[in-house]
K.L.:
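Encoded as structure tokens, here's the structure I'll be asking about.
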Amino acid sequence: PHDKHRCFMKHATKYSKLFQLSFIFTITAIISIAFIDKPLAIYIHIVQLDNIKQLRLLSEYMPIIIMAICLLSIINYYRNKKLNLALSLIYIYAGLHSVLTIKTGFKILFGRYWPKTWINHNLSLIDNNVFGFNWLHGFGNQGSFPSGHSTYIAYCITWLFIYYPKQRYLWISIATLGIAPQVILDYHFFGDCMMGIALGIFFATLIIIIWQKYIELILSKYTTTAVH
């Protein structure tokens, strides 16, 4: 237990920094909504960056690749602790499902119009000249804020940040590859992605704290008892 406590305290500074980072991304999202999103989306459309086909493939497959990297990394980390490994994979998936459910709730609440119409005649800035929030009407595909892709990716990357911090620049690069196409293709406003990142980091950090502070401690006691 004392070793687990020391391990948790070692990570406490990381947790604090991640919560601060989530707050910074939230503030960035608010600023972007007010000053950046509309002119940036229009500019992207005018210069036709939103027609780059290669970025569409990147946007579609990067979340899957990032999740695979996350799960394989956790498998490697717990390779000698089979019980921890099995439960951690279930826990990560359950946590992701919960976070994405929360994200969907925010989409419904804010009901933000999209940068561009791309599915089910979603109302957008480029195609319908509407910009802003249609509160409590973000059902189906009518909610751009926050970005689900960004939430998903930030959630996975946060796990990697905690367990493999030395590779943090690699994780940042991979996350950028996954999120940047959302903005460049006018799938999402910049502010949508910033808020998605904030959500992903915030809830992943909470979920990891619960795992490392409580669940791993219980598993440690259970394993020790079973051995004796």
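In this chain, residues are counted from 1 in sequence order.
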K.L.:
In the single-linkage hydrophobic clustering (I, L, V, M, F, W, Y; side-chain heavy atoms under 4.5 Å), do I31 and I197 co-cluster?
P.N.:
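Same hydrophobic cluster.
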K.L.:
How many angstroms lie between atom CZ of F35 and atom CG of L40, to the nearest 0.5 angstrom?
P.N.:
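Spacing of CZ (F35) from CG (L40) equals 15.0 Å.
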K.L.:
Hey, are the side chains of P115 and S124 touching, using non-hydrogen atoms and a 4.5 Å cut-off?
P.N.:
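Side chain of P115 against side chain of S124, heavy atoms only: no contact under 4.5 Å found.
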K.L.:
If we only count heavy atoms from C-beta on, is the N76 to L72 side-chain gap below 4.5 Å?
P.N.:
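No, side chains not in contact.
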K.L.:
Measuring from L89:CG to N84:CG, what's the distance to the nearest 0.5 Å?
P.N.:
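So the CG of L89 and the CG of N84 are separated by 10.5 Å.
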K.L.:
Is the shortest heavy-atom distance from the side chain of T26 to the side chain of M195 under 4.5 Å?
P.N.:
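Yes. Closest side-chain heavy atoms under 4.5 Å.
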K.L.:
Regarding Y163 and Q212, is there a side-chain donor-to-acceptor distance under 3.5 Å anywhere?
P.N.:
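Yes - a donor-acceptor pair under 3.5 Å links their side chains.
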K.L.:
Taking the side chain as every heavy atom from C-beta outward, state whether I201 and F161 have any pair of such atoms under 4.5 Å apart.
P.N.:
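When only atoms from C-beta onward are counted, F161 and I201 do not touch, as no gap falls below 4.5 Å.
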K.L.:
Give the intermediate values and the outcome of side-chain contact (heavy atoms from CB on, under 4.5 Å) for residues I65 and I174.
P.N.:
CA-CA 9 Å; I65 293 171; I174 292 173; 5.9 Å; no
K.L.:
Any salt bridge between R112 and D192, counting N to O under 4.0 Å?
P.N.:
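Yes, charged N to carboxylate O under 4.0 Å.
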K.L.:
Give the cluster check for W211 versus Y93: same hydrophobic cluster or not, with ILVMFWY residues linked at side-chain heavy-atom distances below 4.5 Å.
P.N.:
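Different clusters: W211 never reaches Y93 through Ile, Leu, Val, Met, Phe, Trp or Tyr contacts under 4.5 Å.
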K.L.:
I need the minimum non-hydrogen distance between G200 and A154, along with the two atoms involved.
P.N.:
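Heavy atoms only, the tightest pair is CA-CB, 3.9 Å.
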K.L.:
Ignoring hydrogens, what is the shortest heavy-atom contact between L100 and G148? Give both atom names and the distance.
P.N.:
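Result for this residue pair: CD2-O, 4.2 Å.
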K.L.:
Which heavy atom in C156 sits nearest to a heavy atom in C70, and how many Å separate them?
P.N.:
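The pair with the smallest heavy-atom distance is O-SG, 3.8 Å.
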K.L.:
Within the 4.5 Å heavy-atom criterion, are F145 and K107 side-chain neighbours or not?
P.N.:
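No, too far: nothing below the 4.5 Å cut-off.
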K.L.:
Evaluate the side-chain contact (heavy atoms from CB on, under 4.5 Å) criterion for residues L85 and R79: first the C-alpha distance (whole Å), next the side-chain angles of each, then the deciding distance (0.1 Å), finally the verdict.
P.N.:
CA-CA 7 Å; L85 172 58; R79 63 187 181 277; 5.8 Å; no
K.L.:
Taking atom types as modelled, is there a side-chain donor on D186 or H45 under 3.5 Å from an acceptor on the other?
P.N.:
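The answer is no; no qualifying pair exists.
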K.L.:
Compute whether any side-chain donor of one residue and acceptor of the other, for T117 and N122, lie under 3.5 angstrom apart.
P.N.:
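The answer is no; no qualifying pair exists.
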K.L.:
Where do N134 and Q142 land on the side-chain contact (heavy atoms from CB on, under 4.5 Å) test, with the steps shown first?
P.N.:
CA-CA 9 Å; N134 189 14; Q142 298 302 319; over 6 Å; no
K.L.:
Do I74 and I90 sit in one hydrophobic cluster, given that two such residues count as connected whenever their side-chain heavy atoms are within less than 4.5 Å of each other, even indirectly?
P.N.:
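No.
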K.L.:
So, do L170 and L160 sit near enough that their side-chain heavy atoms are less than 4.5 Å apart?
P.N.:
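No, their side chains stay 4.5 Å or more apart.
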K.L.:
D50 vs I184, test: side-chain contact (heavy atoms from CB on, under 4.5 Å). Steps then yes/no.
P.N.:
CA-CA 6 Å; D50 51 350; I184 298 172; over 6 Å; no
K.L.:
Do you know the tightest heavy-atom contact between I126 and A41?
P.N.:
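So the minimum-distance heavy-atom pair works out to CD1-O, 4.0 Å.
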K.L.:
Between G191 and S32, what is the shortest heavy-atom contact and its length?
P.N.:
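Minimum heavy-atom separation between G191 and S32: N-OG, 3.2 Å.
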K.L.:
Can you name the nearest heavy-atom pair linking W171 to I157, along with the distance?
P.N.:
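For W171 versus I157, the nearest heavy atoms are O-CD1, 3.6 Å.
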K.L.:
Hey, does the side chain of S22 reach the backbone of A198 with a donor-acceptor pair shorter than 3.5 angstrom?
P.N.:
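Yes, S22 side chain to A198 backbone: donor-acceptor pair under 3.5 Å.
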K.L.:
Donor-acceptor pair, H97 side chain versus G95 backbone, under 3.5 Å?
P.N.:
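No; zero donor-acceptor contacts below 3.5 Å.
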K.L.:
For the atom pair CD1 (I208) and NZ (K14), what is the distance rounded to the nearest 0.5 Å?
P.N.:
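One finds 10.5 Å between CD1 of I208 and NZ of K14.
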K.L.:
Can you tell me how far apart CD1 (I179) and CD1 (I172) are? Round to the nearest 0.5 Å.
P.N.:
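So the gap between those two atoms works out to 11.0 Å.
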K.L.:
Looking at L96, is its backbone amide N or carbonyl O close enough to the side chain of Y155 to form a donor-acceptor pair, meaning the two atoms are under 3.5 Å apart?
P.N.:
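Yes; at least one donor-acceptor contact below 3.5 Å.
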K.L.:
Would I42 end up clustered with L123 when hydrophobic side chains under 4.5 Å apart are linked, directly or stepwise?
P.N.:
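No; tracing contacts between hydrophobic side chains, which count when under 4.5 Å, never links both residues.
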K.L.:
Same cluster or not: I27 versus L21, using hydrophobic residues (I, L, V, M, F, W, Y) connected whenever any side-chain heavy atoms lie under 4.5 Å apart?
P.N.:
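Yes, I27 connects to L21 through the hydrophobic network.
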K.L.:
Heavy-atom distance under 4.5 Å between the side chains of N128 and Y113, does that happen here?
P.N.:
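A side-chain contact is absent here, since even the closest heavy-atom pair is not under 4.5 Å.
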K.L.:
Working to the nearest 0.5 angstrom, can you tell me the gap between F133 CZ and L109 CG?
P.N.:
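So the gap between those two atoms works out to 10.0 Å.
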K.L.:
Does I66 reach the side chain of Y152, with side-chain heavy atoms less than 4.5 Å apart?
P.N.:
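A side-chain contact under 4.5 Å is absent here.
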K.L.:
So, the side chain of S98 versus the backbone of A94: is there a donor-acceptor pair under 3.5 Å, distance only?
P.N.:
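It does hold such a pair.
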K.L.:
Quick one: ring pair (Phe, Tyr, Trp, His ring centres under 6.0 Å) pairs with a partner in residues 183-207, sequence neighbours left out?
P.N.:
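As it turns out, the ring pair (Phe, Tyr, Trp, His ring centres under 6.0 Å) pairs with a partner in residues 183-207, which skip direct neighbours, are F19-F202, W114-H188, W118-Y187, F131-F189.
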K.L.:
Identify each donor-acceptor pair in which a side-chain atom of residues 51-63 lies under 3.5 Å from a protein atom, sequence neighbours left out, and give them as a table.
P.N.:
unit_1, atom_1, unit_2, atom_2, d
S59, OG, Q182, NE2, 2.5

